[in-house]
Asks: 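Here you go, one structure.
Chain letters run A, B, ... following the sequence lines, proteins first, then strands; residues in each count from 1.
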Amino acid sequence: MPALLSLCPKLYTMSNSQLSEQEVQRREAMLKLREMGIEPYPAALYPVNHLSDKIKENFEEGKKVVIAGRLMARRIQGKASFGELQDSAGRVQVYFNRDEICPGEDKTMYNDVYKKLLGIGDFVGIEGELFRTQVGEPTVKVEKFTVLSKSLKPLPLPKTDEDGTVHDAFTDPELRYRQRYVDLVVNPHVKDVFVKRTKLFNAMREYFNNAGYLEVETPILQPIPGGAAARPFVTHHNALDIPLYMRIANELYLKRLICGGFDGVYEFSKNFRNEGMDRTHNPEFTAMEIYVSYKDYNWMMDFTEKLLEHCATSVNGTTKAVFGEHEVDFKAPYKRVTMRQSILDFTGFDIHGKSEEELREGAKSLGVEVDETMGKGKLIDEIFGEKCEPNYIQPTFIIDYPKEMSPLCKAHRDNPELTERFELMVCGKEIANAYSELNDPIDQRERFEEQLKLSEKGDDEAMFIDQDFLRALEYGMPPTSGLGIGMDRLLMYLTNNQSIQEILFFPQMRPEKWDAPAGPELTDNEKIIFDILSKEGSMDLGALKEAAGLSNKQWDKGIKGLGKHGLTKVTKTDDALTVEVVD
RNA sequence: GAUUCUGUAGCUCAGUUGGUAGAGCAUCUCCCUUUUAAGGAGAGGGUCCUGGGUUCGAGCCCCAGCAGGAUCACCA
């Protein structure tokens, strides 16, 4: 154990596992700095006055700057050295010259502090002057540097060559998602996605606020999870001694606020659904829901296409977005196709006026899998999902859904079997869903009761009856149109990411195991061998193996393990191997 | 949930019929004053995911588990 560290054994176990050589070296460097009177984690404010991008954009020879960031590269050549400092805006080259930094006899700051005790990943502050190297690179000549935070773990070091090819990239998705902080440091493009995420939210918020609508907050812990068909997470409130559910949607609360007299309310809603996880589903995700009174779904379609055009432009500077092999254009207006027409277009089958049995036969003849529990609405939805949905690449409104699928939506003004509902399809997936909201309290109660029947038939996603919501409708809700947008999915389209995990800072993952072995814990095999050996103190290797009675594999693992723990030692004499206990 | 692939140094990855564990970068030591992915020389660094099994011998073969990716199914 290195001398300095032996004084501070705690430093060895600060993280989850045993320290690598590099981690030990960094800890030693940190302690050495402190010994020299340089605090590796100083408290004082550091007076940063420039960012790397502005230095390069508005370069002025001889200008004095104060910058700070992580040291991300070093090219040391004797008394001079070039480094790269990375701050929130990017990287800038810095030039360390021994005699600039240490004008006197004492060259410690360059020779020891900079060259030996600092490393890649450390935060340093730099005061210096701008100049261009012979190659023309804008560079900060360091006059004084300050250690701001010593990094104890080595960062992965991707490198970009002259052709722009990245070598040794930090690409393992598991590591990137679990250690997003590292991902953000070494993969600059990852940051861009999250900047766009915030731009998208800001653009949408701006659009709604300009229209005069109010951003609100509604409960996340709900006694009755409503507003969507999904399995909720359940928790328990101790003081009330009742179960509470994490919200699966905020629809019913926002509509209560419309009952209360707001013209328009919206909320960016973290929703929670206890369902499968994959590259497009995270247990918590963000939806935006907006409700506007005295409007219908036709108005909402106009509003939605203008909204998305505005958002796409704000995020990417253009209405066009590339997603995988597709180029999508969010420029309004979008095509509007009824569900009946869509199915007719892609299958030639007309669902109009068909009985449940006729629909089932129709579905079967189209090769769509169906079963006996499916009602009319479900059957139509299956046919649409299977045969039509994947075909809509450019933004397209699909309108007039069957009633059974939409328990919160107003019946169609021209056809009581349908509802005034649209979904917006992009790249074969739904990204928005909107209704002329059902405000007839009697009708709403009946729809809830139908859901209850579904639930009794075993549909674990059917909705509960929300009596308080019905009471609000009985007091009266004006005609209202509502819209929900899957923000994560929309962002995936706008940033060309195929995985939801790429656009969430911290996607849900199975927890890591952090069990740190406290000292040399022996396995069963090691114990058996060690017990026998410790009675003798020293034994012939063959005899010990015989006495232990273990299989070859177990013996091998056991004896090697003991050696590693430093408990035993094997010595070779002329014709024998002897094992002895180490004190 | 099903199928399939992967797990080796700090990072990215090789590893032959099953026979002493490898490379590049990073780290450490020495030399070098304007370099642009990598200057030169040398050194150190490993629970080959875990546990069993087969074998004289396993990173490699077999079984089980853990973790992750991809595809599919349900959902947004």
Asks: Look at the rings of F233(A) and F272(A) and say which category their plane angle falls in: under 30° parallel, 30 to 60° tilted, over 60° perpendicular.
Replies: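 F233(A) and F272(A): perpendicular rings.
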
Asks: Need one value for E100(A): base, sugar-phosphate or nothing, where a base atom within 4.0 Å counts as base even if backbone is also close, heavy atoms only.
Replies: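 Result for E100(A) = nothing.
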
Asks: Look through every strand shown and name the nucleotide pairing with U29(B) as Watson-Crick or G-U wobble, where both distances are under 3.5 Å.
Replies: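 Base partner found: A41(B).
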
Asks: Round to the nearest Å and state the distance from Y95(A) atom OH to U33(B) atom P.
Replies: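 Taking atom P of U33(B) as the reference, OH of Y95(A) is at 10 Å.
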
Asks: Checking base pairs now: Watson-Crick or wobble, both atom distances under 3.5 Å. What partners G1(B)?
Replies: C72(B)

Asks: Return the pairing partner of U36(B) with a 3.5 Å limit on both distances, Watson-Crick or G-U wobble; otherwise return none.
Replies: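 Across all strands, not a single nucleotide pairs with U36(B).
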
Asks: Can you tell me, in whole Å, how much space there is between the P of G44(B) and that of C28(B)?
Replies: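 Straight-line distance between the two P atoms is 16 Å.
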
Asks: Where the side chain of F285(A) is concerned, which of U12(B), A76(B), G10(B) is the nearest nucleotide?
Replies: A76(B)

Asks: Between atom CD in E28(A) and atom P in G44(B), what is the gap in whole Å?
Replies: 18 Å

Asks: Distance between the P atoms of G18(B) and A23(B), in whole angstroms?
Replies: 22 Å

Asks: Taking for each residue the nucleotide of RNA chain B bearing the nearest heavy atom, is the 5' side occupied by D488(A) or by L175(A)?
Replies: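 Taking each residue's closest nucleotide, the earlier one in sequence belongs to L175(A).
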
Asks: Would you indicate what K378(A) reaches in the nucleic acid, counting non-hydrogen atoms under 4.0 angstrom: base, sugar-phosphate, or nothing?
Replies: sugar-phosphate

Asks: When the P atoms of C30(B) and G69(B) are considered, how many whole Å apart are they?
Replies: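 It comes out at 44 Å once rounded to the nearest Å.
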
Asks: Distance check needed: G10(B) P versus L152(A) CG, whole Å only.
Replies: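 To the nearest whole Å, that distance equals 16 Å.
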
Asks: In terms of the nearest nucleotide of RNA chain B, which residue is placed more toward the 5' end: R98(A) or P173(A)?
Replies: R98(A)

Asks: Please determine, for A67(B), whether a Watson-Crick or G-U wobble partner exists with both distances under 3.5 Å, and give it or none.
Replies: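 Base-paired to U6(B).
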
Asks: Calculate the interatomic distance between E502(A) atom CD and G69(B) atom P; express it in whole Å.
Replies: 11 Å

Asks: Produce a footprint string for nucleotides 25-32 of chain B: one letter per nucleotide, 5' end first; B if the base is under 4.0 Å from any protein heavy atom, S if only the sugar-phosphate is, - if neither.
Replies: SBSSS--B

Asks: Base, sugar-phosphate alone, or nothing: which one does A169(A) contact when heavy atoms must sit under 4.0 Å apart?
Replies: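 Sugar-phosphate contact only.
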
Asks: Return the nearest nucleotide to the side chain of R178(A); candidates are C11(B), U36(B), A67(B).
Replies: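 Within the option list, the nearest is A67(B).
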
Asks: Using 4.0 Å as the upper bound for N to carboxylate O, is an ion pair formed by D488(A) and R197(A)?
Replies: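 Between D488(A) and R197(A) there is a salt bridge, with a charged N closer than 4.0 Å to a carboxylate O.
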
Asks: If you measure from the P atom in C61(B) to the same atom in G24(B), how many Å do you get, rounded?
Replies: 27 Å

Asks: Which base, if any, makes a Watson-Crick or G-U wobble pair with C13(B), both distances under 3.5 Å?
Replies: G22(B)

Asks: Say we look at U54(B) and C62(B): how far apart would their C1' atoms be, to the nearest angstrom?
Replies: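 Nearest-Å result for U54(B) against C62(B) at atom C1': 7 Å.
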
Asks: Let me know the distance between CD of E289(A) and P of A76(B), rounded to the nearest Å.
Replies: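 Rounded to the whole Å, the gap is 12 Å.
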
Asks: Please state the P separation for the pair G45(B) and U29(B) - nearest whole angstrom.
Replies: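 Each nucleotide's P atom is 16 Å from the other's.
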
Asks: Salt-bridged, R176(A) to E502(A), with N to O below 4.0 Å?
Replies: yes

Asks: Locate the shortest heavy-atom distance separating K150(A) from G119(A); write the atom from each residue and the value.
Replies: NZ-N, 3.6 Å

Asks: Would you check if there is a donor-acceptor pair between the side chains of S81(A) and Y114(A) at a distance under 3.5 Å?
Replies: yes

Asks: Check this one for me: any side-chain N or O of R75(A) less than 4.0 Å away from OP1 or OP2 of U34(B)?
Replies: no

Asks: Please enumerate all residues that pass side-chain hydrogen bond (donor to acceptor under 3.5 Å, both in side chains) together with N391(A), with sequence neighbours excluded.
Replies: none

Asks: F170(A) CZ to G68(B) C1': how many Å, rounded?
Replies: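 Rounded to the whole Å, the gap is 13 Å.
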
Asks: Pick the C1' atom in A26(B) and in U16(B), then give their distance to the nearest Å.
Replies: 29 Å

Asks: With ring centroids as reference points, do Y493(A) and F330(A) lie under 6.0 angstrom apart?
Replies: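 For Y493(A) and F330(A), the ring centres are not under 6.0 Å apart.
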
Asks: C1' atom, G57(B) versus A73(B): distance in rounded Å?
Replies: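 These two C1' atoms come out 46 Å apart once rounded.
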
Asks: What is the distance, rounded to the nearest whole Å, between atom CZ of R176(A) and atom C1' of G69(B)?
Replies: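 Rounding to the nearest Å, CZ of R176(A) and C1' of G69(B) are 12 Å apart.
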
Asks: May I ask you to verify whether the side chain of S81(A) and the base of U33(B) hold a donor-acceptor pair under 3.5 Å?
Replies: no

Asks: Please determine whether salt bridge (charged side-chain N to carboxylate O under 4.0 Å, His left out) holds for the pair R180(A) and D183(A), giving the CA-CA distance in whole Å, both sets of side-chain angles, and the decisive distance to 0.1 Å.
Replies: CA-CA 5 Å; R180(A) 185 67 90 180; D183(A) 192 26; 2.8 Å; yes

Asks: Across the strands shown, which category fits N274(A) at heavy-atom distances under 4.0 angstrom: base, sugar-phosphate, nothing?
Replies: nothing

Asks: Check each of E437(A), E267(A), E289(A) against K255(A) using the salt bridge (charged side-chain N to carboxylate O under 4.0 Å, His left out) test, and report the only one that passes.
Replies: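 Of the listed options, the one satisfying the test is E437(A).
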
Asks: Atom CD of E430(A) and atom P of C74(B): how far apart are they, to the nearest Å?
Replies: 14 Å

Asks: Under the rule for ring-ring contact (aromatic ring centres under 6.0 Å, His included), what residues qualify as partners of F145(A), not counting sequence neighbours?
Replies: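 Expected list: F96(A).
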
